[in-house]
Peer 1: 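The structure under discussion is supplied below as structure tokens; questions concerning it will follow.
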Amino acid sequence: MSELITDDTRPRAALFDLDGTLINSEPRSMAVWSRLLTAYGVPHDDQVLHGFMGRRGVDVLAEQPHLFPGLSLAELRGEIRRHGEAPGLPDVEHLPESVAFLRVLHAEGVPFGLVTSAGRDWAELALEQLGVRELFRGLVTADDVTEGKPHPQGYLDGARILGYAPEHIVVFEDTPAGILAGKSAGMRVVGITTTHARSVLGQADLVVDHLTEVDWPRLAART
């Protein structure tokens, strides 16, 4: 969207996804899932792996019980943890433009929070490593919701933490599941092309390559 936002709907707060939006750990996550699937002889391709992006693993596994028949979720969590601690995985990439954008919003007095499909320990660690944990009003993690993305629960909970109505909140996301969650919550969404092509993020109100391209509060791309 390129037109000026009217005062009565002007964005006043923001909610950020973590993986793929503030950091890029998706190559590492996809490698872990690929190793797990390979270990159990489950055929998979990029489409299968992308199905895990932006979502809680427990939700994807519950929808596809045929992937690991006979294994409980507790057993699968242990296997995921084991593969995640194995050597040779891709590094987690920090996204400096996203951190710069956070600092701009904070300097302008814009409150923001985090809504992630990752666990709380990982979210806290990632924000600390980015040096921005103290800037966030609150976190909603995979441990805090009963319905993960693309369900809007996480973003609605985030709105309550910030104390703003959904129409005054902008969501920043990198996956179709996250974009759908934000839109379903009644919020405007900016998509970032860290992990997906622009064509896949078409439901977002604005799509950018880096968050520093966002002209807040107009929600237009800087030219």
Side-chain angles (χ1 to χ4, degrees), residues 11-32 53-56 81 84-85 87-145 148-149 154-155 157-164 168-175 178-179 181-182 187-196 201 204 206-219 221-222:
R12 293 177 171 85
L15 289 169
F16 290 87
D17 172 52
L18 177 60
D19 294 310
T21 302
L22 303 181
I23 60 172
N24 186 13
S25 62
E26 294 296 6
R28 185 182 185 89
S29 297
M30 295 304 96
V32 170
M53 279 191 176
R55 303 188 62 195
R56 300 190 308 174
R81 188 178 304 109
E85 294 171 350
L89 293 170
D91 292 331
V92 175
E93 177 189 5
H94 291 183
L95 301 178
E97 294 92 347
S98 296
V99 173
F101 184 65
L102 289 175
R103 295 195 180 281
V104 168
L105 292 189
H106 181 69
E108 294 181 357
V110 178
F112 52 81
L114 189 81
V115 179
T116 176
S117 297
R120 180 164 291 270
D121 289 346
W122 170 247
E124 293 278 5
L125 176 62
L127 294 183
E128 288 288 350
Q129 291 180 341
L130 289 173
V132 296
R133 175 63 184 92
E134 73 282 359
L135 306 185
F136 282 79
R137 292 285 182 90
L139 281 62
V140 180
T141 72
D143 309 316
D144 303 316
V145 297
K149 302 173 186 178
Y155 280 115
D157 288 350
R160 283 188 281 272
I161 289 173
L162 296 179
Y164 285 88
H168 294 301
I169 297 176
V170 181
V171 165
F172 294 89
E173 272 280 1
D174 71 299
T175 67
I179 290 171
M187 302 171 185
R188 280 165 288 197
V189 181
V190 173
I192 179 173
T193 61
T194 309
T195 60
H196 289 78
L201 307 178
L206 173 69
V207 179
V208 296
D209 295 324
H210 305 288
L211 293 190
T212 46
E213 298 172 23
V214 178
D215 185 1
W216 181 279
R218 292 181 65 243
L219 297 189
R222 296 183 185 275

Peer 1: Using every non-hydrogen atom in the two residues, find where Ser98 and Ile192 come nearest and quote the distance to one decimal.
Peer 2: OG-CD1, 4.1 Å
Peer 1: Going by heavy atoms in the side chains, are Arg103 and Leu135 under 4.5 Å from each other?
Peer 2: yes
Peer 1: Taking only Lys NZ, Arg NE, NH1 and NH2, and the carboxylate oxygens of Asp or Glu, determine whether Arg120 and Asp144 approach each other closer than 4.0 Å.
Peer 2: yes
Peer 1: Would you say Asp19 and Ser117 make side-chain contact, with heavy atoms under 4.5 Å?
Peer 2: no
Peer 1: What heavy-atom pair brings Ala100 and Thr212 nearest, and what distance separates the two atoms?
Peer 2: CB-CG2, 4.0 Å
Peer 1: A side-chain contact here means heavy atoms from C-beta on lying under 4.5 Å apart; do Leu22 and Leu95 qualify?
Peer 2: no
Peer 1: Supply the atom-to-atom distance Leu211 CG to Trp216 CH2, rounded to the nearest 0.5 angstrom.
Peer 2: 11.0 Å
Peer 1: Could you grab the distance from atom CZ of Arg133 to atom CD of Glu124, nearest 0.5 Å is fine?
Peer 2: 4.0 Å
Peer 1: Look at the rings of Phe112 and His106 and say which category their plane angle falls in: under 30° parallel, 30 to 60° tilted, over 60° perpendicular.
Peer 2: perpendicular
Peer 1: Could you check whether atom CZ of Arg28 has more than 12 heavy atoms from other residues, nucleotides or ligands sitting under 6.0 Å from it?
Peer 2: yes
Peer 1: Can you tell me how far the CD atom of Glu134 sits from the CD atom of Glu128, to the nearest 0.5 Å?
Peer 2: 7.5 Å
Peer 1: Between Pro11 and Leu219, which heavy-atom pair has the shortest distance, and what is it?
Peer 2: CG-CD1, 3.9 Å
Peer 1: Would you mind reporting whether Arg188 and Val171 have side-chain heavy atoms less than 4.5 Å apart?
Peer 2: no
Peer 1: For the side-chain contact (heavy atoms from CB on, under 4.5 Å) test, which of Leu162, Thr116, Leu114 pairs with Leu15?
Peer 2: Leu162
Peer 1: Counting only N and O atoms by type, is there a donor-acceptor contact under 3.5 Å from the side chain of Lys149 to the main-chain atoms of Gly154?
Peer 2: no
Peer 1: Measuring from atom CH2 of Trp122 to atom CD1 of Ile23, what distance do you get when rounded to the nearest 0.5 angstrom?
Peer 2: 4.5 Å
Peer 1: Determine whether Phe16 and Leu105 make a side-chain contact, defined as any pair of heavy atoms from C-beta on separated by less than 4.5 Å.
Peer 2: yes
Peer 1: Would Thr194 and Asn24 count as having a side-chain donor-acceptor pair, cut-off 3.5 Å?
Peer 2: no
Peer 1: With rounding to the nearest 0.5 Å, note down the distance linking CG in Asp121 to CG in Asp143.
Peer 2: 7.5 Å
Peer 1: Does the side chain of Leu125 reach to within under 4.5 Å of the side chain of Leu127, using non-hydrogen atoms?
Peer 2: no
